[in-house]
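Shown next, in structure tokens, is the structure this report addresses.
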Amino acid sequence: MSDQSKLPVSKLSDMTSSKEAWRVFGIMSEFVAATERLSAIQPAVSIFGSARTKPDHAYYRTTEEIARLLSDAGFAVISGGGPGIMEAANKGAFYGRSPSVGLNIQLPHEQHTNPYQNVSHTFQHFFSRKVMFVKFASAYVVMPGGFGTLDELMEALTLVQTGKTRRIPIILVGSKFWGGMMQWIRDSLLTEGMIAPEDMDLVQLIDEPEAVVDAIFKHYETRGFEPSAAEREMQLNL
């Protein structure tokens, strides 16, 4: 029998609470380190998509092209730093003019760091990593993907819809892949009053790489990419 098993329940509870309290400092340090590392990388576009997409797939090639166009247009490109679509995004930016950024996550499977990163930062916690994707992005480009991609997409839509972050372009690439979901959102969420009509304007469905870049520039044509003072204050409350 271990020594801990002999301790009273109240003592074990105190030890657990103490460990959890100290863990908060680790989470804080993760936020601080990432913020310091990424603060100079602006403007930037976050690109999401499946980790399982192979290099010979059309989605991979399209992502690489979009990332290269964005990089050459002056945008740093941020991805999750892993394989698949993330690798394609980093690869396209890596061979462009602007930095390729990978925000990696420690996972028991699927995640390994791709080699196409000028800036690489690894997180232990999904939630702190997700904050950084939003905090430093001037736009979201969402390629076909699975649960993780949907998670990032819905997170961004919710933050913009509720005014917890500034309005940025959220672009779904691939009308064939995303069309069914968008139709369901229109037929079910909108029709049944779960979202407002104007919420449909929060996301764009685009197929051509050049049109993705054009849509981002169009969004910012009457203002700069730099967040305003009010927007910076808003992002402090993410």
Side-chain angles (χ1 to χ4, degrees), residues 41-51 53 55 57-82 84-103 114 116-118 132-146 148-157 159-161 165-183 185 199-227:
I41 301 173
Q42 295 184 35
V45 174
S46 292
I47 298 181
F48 303 96
S50 175
T53 304
H57 198 287
Y59 295 156
Y60 187 105
R61 296 192 296 270
T62 299
T63 305
E64 187 176 349
E65 182 178 357
I66 291 170
R68 178 61 184 267
L69 289 171
L70 287 168
S71 181
D72 286 341
F75 294 99
V77 172
I78 302 173
S79 92
I85 294 296
M86 295 177 283
E87 179 182 283
N90 285 135
K91 185 177 180 181
F94 188 80
Y95 291 110
R97 293 176 46 240
S98 304
S100 171
V101 183
L103 303 186
N114 71 68
Y116 304 105
Q117 300 175 43
N118 302 116
M132 296 303 147
F133 278 129
V134 177
K135 183 178 179 64
F136 294 101
S138 297
Y140 262 38
V141 174
V142 188
M143 302 299 297
T149 302
L150 290 171
D151 179 49
E152 297 290 354
L153 169 60
M154 295 305 168
E155 175 88 2
L157 286 172
L159 289 172
V160 173
Q161 180 202 46
T165 191
R166 63 175 176 154
R167 178 76 176 264
I168 63 173
I170 300 173
I171 299 169
L172 303 180
V173 179
S175 56
K176 183 177 180 181
F177 184 89
W178 296 110
M181 185 190 74
M182 293 303 297
Q183 190 64 47
I185 290 173
D199 291 335
M200 295 298 300
D201 298 329
L202 297 179
V203 62
Q204 303 175 61
L205 191 57
I206 297 175
D207 286 309
E208 298 301 322
E210 295 84 359
V212 171
V213 180
D214 290 343
I216 295 171
F217 274 110
K218 183 177 180 181
H219 179 86
Y220 290 101
E221 64 185 358
T222 59
R223 51 154 295 168
F225 292 104
E226 189 74 16

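Any value given below was found using the heavy atoms of this structure, including those in side chains, with hydrogens, waters and symmetry copies removed.
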Of all residues at least two apart in sequence or in a different chain, which pass the salt bridge (Lys or Arg N to Asp or Glu O under 4.0 Å) check with [X]?
{"X": "Asp207", "value": "none"}
{"X": "Glu152", "value": "none"}
{"X": "Asp72", "value": "Arg68"}

With heavy-atom distances below 4.5 Å as the criterion, would you say the side chains of [X] and [Y] are in contact?
{"X": "Glu65", "Y": "Val212", "value": "no"}
{"X": "Val203", "Y": "Trp178", "value": "no"}
{"X": "Ile41", "Y": "Phe136", "value": "no"}
{"X": "Thr63", "Y": "Met86", "value": "no"}

Pairs involving residues 85-97, ordered by first then second residue, that meet salt bridge (charged side-chain N to carboxylate O under 4.0 Å, His left out) (sequence neighbours left out):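 Counting only pairs at least two positions apart or across chains, no salt bridge (charged side-chain N to carboxylate O under 4.0 Å, His left out) contact touches residues 85-97.
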
Return the set of residues passing side-chain contact (heavy atoms from CB on, under 4.5 Å) with [X] (not counting sequence neighbours), or none when no residue passes.
{"X": "Met154", "result": "Leu157, Met181"}
{"X": "Ser138", "result": "Pro43, Arg166, Tyr220, Phe225"}
{"X": "Thr62", "result": "Ile66, Met143, Val173, Pro209"}
{"X": "Ser71", "result": "Ala93, Ser98"}

Using only atom types and a distance under 3.5 Å, with no angle test, would you say the side chain of Gln117 pairs donor to acceptor with the backbone of Gly81?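 At least one qualifying donor-acceptor pair exists.
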
Sub-3.5 Å donor-acceptor pair from the side chain of Ser100 to the main-chain atoms of Tyr116, do we have one?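 Checked: pair present.
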
Could you measure the distance from the [atom1] atom of [X] to the [atom2] atom of [Y]? Nearest 0.5 Å is fine.
{"X": "Ile170", "Y": "Leu159", "atom1": "CD1", "atom2": "CG", "value": "8.5 Å"}
{"X": "Phe133", "Y": "Ser46", "atom1": "CZ", "atom2": "OG", "value": "6.0 Å"}
{"X": "Thr53", "Y": "Arg61", "atom1": "OG1", "atom2": "CZ", "value": "11.5 Å"}
{"X": "Thr149", "Y": "Leu172", "atom1": "OG1", "atom2": "CG", "value": "11.0 Å"}

Does Tyr140 have any ring-ring contact (aromatic ring centres under 6.0 Å, His included) partners at least two apart in sequence or in another chain, and if so, which?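 Checked Tyr140 against ring-ring contact (aromatic ring centres under 6.0 Å, His included); matches are Phe48.
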
Partner residues of Phe177 under the ring-ring contact (aromatic ring centres under 6.0 Å, His included) criterion, sequence neighbours left out: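 Counting only residues at least two positions away or on another chain, Phe177 forms no ring-ring contact (aromatic ring centres under 6.0 Å, His included).
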
Could you tell me which non-hydrogen atom of His219 sits nearest to which non-hydrogen atom of Ile168, and how far apart they are?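 Nearest heavy atoms, His219 then Ile168: NE2-CA, 4.0 Å.
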
Using every non-hydrogen atom in the two residues, find where Val77 and Ala67 come nearest and quote the distance to one decimal.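 What the structure gives for the nearest pair is CG2-O, 3.8 Å.
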
Tell me every residue that passes side-chain hydrogen bond (donor to acceptor under 3.5 Å, both in side chains) with Asn118, counting only those two or more places apart in sequence or in another chain.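 By the side-chain hydrogen bond (donor to acceptor under 3.5 Å, both in side chains) rule, Asn118 matches no residue at all.
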
Tell me every residue that passes side-chain hydrogen bond (donor to acceptor under 3.5 Å, both in side chains) with Ser79, counting only those two or more places apart in sequence or in another chain.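 Expected list: Asn90.
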
Passes side chain to side chain contact (heavy atoms under 4.5 Å, CB included), Leu70 versus Ile47? Steps please. CA-CA 11 Å; Leu70 287 168; Ile47 298 181; 4.1 Å; yes

